Amino acid sequence: MLKDMCIFAAWVHGDPRKVIYPTDSYGQFCGQKDTLNENKTILFYFNILKCASPVVLINLQCPTTQLCVSKCPDRFATYIDVQASYRYKPDQWNYFRQFCKPGFNNPRKVFLKRCFPDFSTKNGVLTVANQTTFKDGRGKTRNVTDLREAANGINNVLDARSVGMKIFEDYAISWYWILIGLFIAMIVSLLFLVLLRFTAGVLFWIFIFGVIGIIGYGIWHCYWEYDHLKGIPGSDLTVYDIGFQTDFRVYLQLRQTWLAFMIMLCVVEVIIILMLIFLRNRIRIAIALLKEGSRAIGYIMSTLFYPIVTFILIAICISYWAVTAVFLATSGEPVYKVMANQTLCKYANLTCDPETFNTTNVSKLCPGAQCTFAFYGGESLYHKYIFIFQLANAFVFLWLVNFAIALGQCTLAGAFASYYWASRKPADIPLWPLFSSFGRAIRYHTGSLAFGALILAIVQLIRVILEYLDHKLKGTQNSFTRFLLCCLKCCFWCLEKFLKFINRNAYIMIAIYGKNFCTSAKEAFFLLMRNVVRVAVLDKVTDFLLFLGKILVAGGVGVLAFFFFTQRIPVFAQEAPTLNYYWVPLLTVIIGSYLVAHGFFSVYAMCVDTLFLCFCEDLERNDGSTAKPYFMSASLHRILGKKELSPKKAVG
């Protein structure tokens, strides 16, 4: 109901034109159809020098008349200059009449549909229209640097625009090769997942023994340094004797430092070796599950492309949230405020009515004051609760995104569970396992998935509110408030991580048994707690191998892209495009390759998690007998040292 009210209010009162089009001093859009400004799409500042006023920092609005014009002036003159030459150059006066009100004008520069001074540099001197000084119309000679201050940051913005145009050009001529790079990343990711069936154990043990070897070398090096410093004056001092030193190299001259390093490395080495000894069987199970996951994906290849569906659903959610947020943000009425040149004017920054402003005493008490459009807002009950509507919009956005992710996890879990519980693999696997699982999730499990997504969305919204409060209270001197906020942020961060873990496994149990969310979450939690060591080992082994795969894919494709875009591959030197910045497509390929690999490997991680829960359930429900045969693969069965598989299972 709240969401419906939020959407209705946003779409009825909102107006995205307030974001797209500039607005003049009268609250009218520049370029709006069926108005006097229809052909006037650019905003012109009457006197840009006044934009250097402190009032701008408060109201984000220059205290000067702002007019909609069809084009920026391209002639350099002040109103006094025009008056002086009126009799001799009437065409000049007629030219400036199109800007409605006379005043200081400057050469043409359009950016974001606004007129800005066109700065240029000659012999290291800043100029505008080849001039370094100008008359401000009040008998004073001003320097171009005053304009620079008034349009603070304009040059940086224009430079950024130039860089942006070059980046756009690079994308325009290299997009084809970027897509080829991402396609190569997809192929490499697929090959890595397929090869994990044969290389998972090899990669893991190479890494483990490599770590043991590196730590062993570190122990030897620490001992060598410790022995080498023997007899050197001052090396026998303790850390306590020399106290705190900013130059940490001083500590490396002490034997005690290297002794401490050696002891710590020895402890780490012993812990790793003991873990390998006592957890060797569980590590073998984890590696076997990884291989089994690769085999399952090989039979259900369509699962690798399901992340595209999740991406589309999330993109729709983001688009809908963004449009609604823009309509909410632009649903206010024009608010006018007094813009005064004098900072001590008591009427400054007060609301006013432009139709009755000239009949008040404000212009007399504050010479030069104007009733100028400031922003869109309002004092009605609806406008006071726009922030609440934005929170409601954000909450529903989080809910929908979490639901899309939950739908994907449940769909994949159902497909991989159908593989595990098949008596004869792959003969007993359903014809369309992914499509069937998606249909079951939509038809039977929508409520459970929505409930799980709701719980997670509530926690995420609380985290958003805490971040907002932390940002608002960042300048406060209350240490207790900052400490409390920090603790709350930490607690809710941990809670979100825990809920994501529980939800993920609950969705797997929902896909397997079809029970409601609470029952599935409870059963998944206690099942994991009964196998907590296996869970820890499997998670770490899986995380390591998938991280290694992501780095391998992104790094390998990135190196290939680097040599290609820098024209260092002789065979393709003529095909490589000439770029302004070769790092633009290079970074795009590297980041895109990592995301492509992450998409494929997230399916693999879901597969391993599903097979693990099925494996734990298999162990608890069955005993390997003819009446209750195991559904696990023969390799897992051999590792456990259980009874022989029944004849019908030996095929798997």
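The model shown is predicted, which means the values in this text are computed figures rather than measured ones. Any value given below was found using the heavy atoms of this structure, including those in side chains, with hydrogens, waters and symmetry copies removed.
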**Request:** Flag this pair as yes if the NZ/CZ of K515 is under 6.0 angstrom from the six-membered ring centre of Y513 and inside a 45 degree cone about the axis; otherwise no.
**Result:** yes
Test side-chain contact (heavy atoms from CB on, under 4.5 Å) on Y581 and V584 and set out the steps.
CA-CA 6 Å; Y581 309 109; V584 171; 3.7 Å; yes
- Message: Do N516 and T519 pair up side chain to side chain, a donor and an acceptor below 3.5 Å, judged on atom types alone?
- Response: yes
Should I316 and F311 count as side-chain neighbours, where that means a heavy-atom distance under 4.5 Å?
no
K500 and Q460, any side-chain heavy atoms less than 4.5 Å apart
yes
Heavy atoms of M632 and Y420 approach each other most closely as CB-OH, 3.3 Å
Judged by atom type as modelled, is there a donor-acceptor pair below 3.5 Å linking the side chain of S593 to the main-chain atoms of V589? yes
For L456, is there any backbone N or O sitting under 3.5 Å from a side-chain donor or acceptor partner on E496?
no
Review point. Is Y299 atom OH crowded by more than 12 heavy atoms from other residues, nucleotides or ligands, each under 6.0 Å away?
Key: yes
message: For F389, is there any backbone N or O sitting under 3.5 Å from a side-chain donor or acceptor partner on N393?
response: no
Taking every heavy atom of A296 against every heavy atom of L611, the minimum-distance pair comes out as CB-CD1, 4.5 Å
Close aromatic pair by centroid cut-off 6.0 Å: F192 and F601: yes
Note to self: Check whether S602 reaches the backbone of G599 with its side chain - one donor and one acceptor, N or O, closer than 3.5 Å.
What the structure shows: yes
For a 4.5 angstrom cut-off between non-hydrogen side-chain atoms, does Y594 reach V553?
no
| task | Report yes if some heavy atom in the side chain of F183 is under 4.5 Å from a heavy atom in the side chain of V557; otherwise report no. | result | no
Discussion item. For F517 and Y507, take the angle between the two ring planes, folded into 0 to 90°, and tell me which bin it lands in: parallel under 30, tilted 30 to 60, perpendicular over 60.
Written reply: tilted
| request: Start with the C-alpha gap between M529 and V535, add the side-chain angles, then the distance that decides, and say whether side-chain contact (heavy atoms from CB on, under 4.5 Å) holds. | output: CA-CA 8 Å; M529 289 301 100; V535 172; over 6 Å; no
What one should report as the nearest heavy-atom pair of L454 and W399 is N-NE1, 3.5 Å
Next on the checklist: side-chain contact (heavy atoms from CB on, under 4.5 Å), that's the test. Do L527 and R530 meet it? Break it down for me.
Outcome noted: CA-CA 5 Å; L527 180 63; R530 292 193 295 270; 3.6 Å; yes
Would you check if there is a donor-acceptor pair between the side chains of D609 and Q409 at a distance under 3.5 Å?
-> no
Side chains of L488 and W493 in contact at under 4.5 Å (non-hydrogen atoms): no
Exercise. Is there a donor-acceptor pair closer than 3.5 Å between any side-chain N or O of S418 and the backbone N or O of A415?
Worked result: yes
Hey, are the side chains of I300 and T303 touching, using non-hydrogen atoms and a 4.5 Å cut-off? yes
Side chains of I314 and I405 in contact at under 4.5 Å (non-hydrogen atoms):
yes
**Request:** State whether a side-chain donor-acceptor pair under 3.5 Å links Y171 with T588.
**Result:** yes
Using 30° and 60° as the class limits, which term best fits the ring planes of F525 and F498: parallel, tilted or perpendicular?
-> perpendicular
Would you say R621 has more than 12 foreign heavy atoms packed within less than 6.0 Å of its CZ? yes
In terms of heavy-atom contacts, P307 and V603 come closest through CG-CG2, 3.4 Å
Practice prompt. Could you go through the side-chain contact (heavy atoms from CB on, under 4.5 Å) check for L407 and F438 one step at a time?
Written response: CA-CA 8 Å; L407 178 63; F438 181 80; 3.8 Å; yes
Can a donor-acceptor pair be found, under 3.5 Å and without considering hydrogens, that links the side chain of Y604 to the backbone of L290? yes
Closest non-hydrogen contact found for A561 with L586 is CB-CD1, 3.8 Å
### Query
Do other residues, nucleotides or ligands put more than 12 heavy atoms under 6.0 Å from W205 CH2?
yes
message: Under a 3.5 Å distance rule, please check whether R534 uses its side chain to pair with a backbone N or O of N531 as donor and acceptor.
response: no
Is there a side-chain contact between F562 and V559 in this structure, where contact means two heavy atoms from C-beta onward sitting under 4.5 Å apart? no
Does any N or O in the side chain of D618 come within less than 3.5 Å of the main-chain N or O of F631, such that one atom is a donor and the other an acceptor?
yes
Tightest non-hydrogen contact, residues A506 and S520, listed as O-CB, 3.6 Å
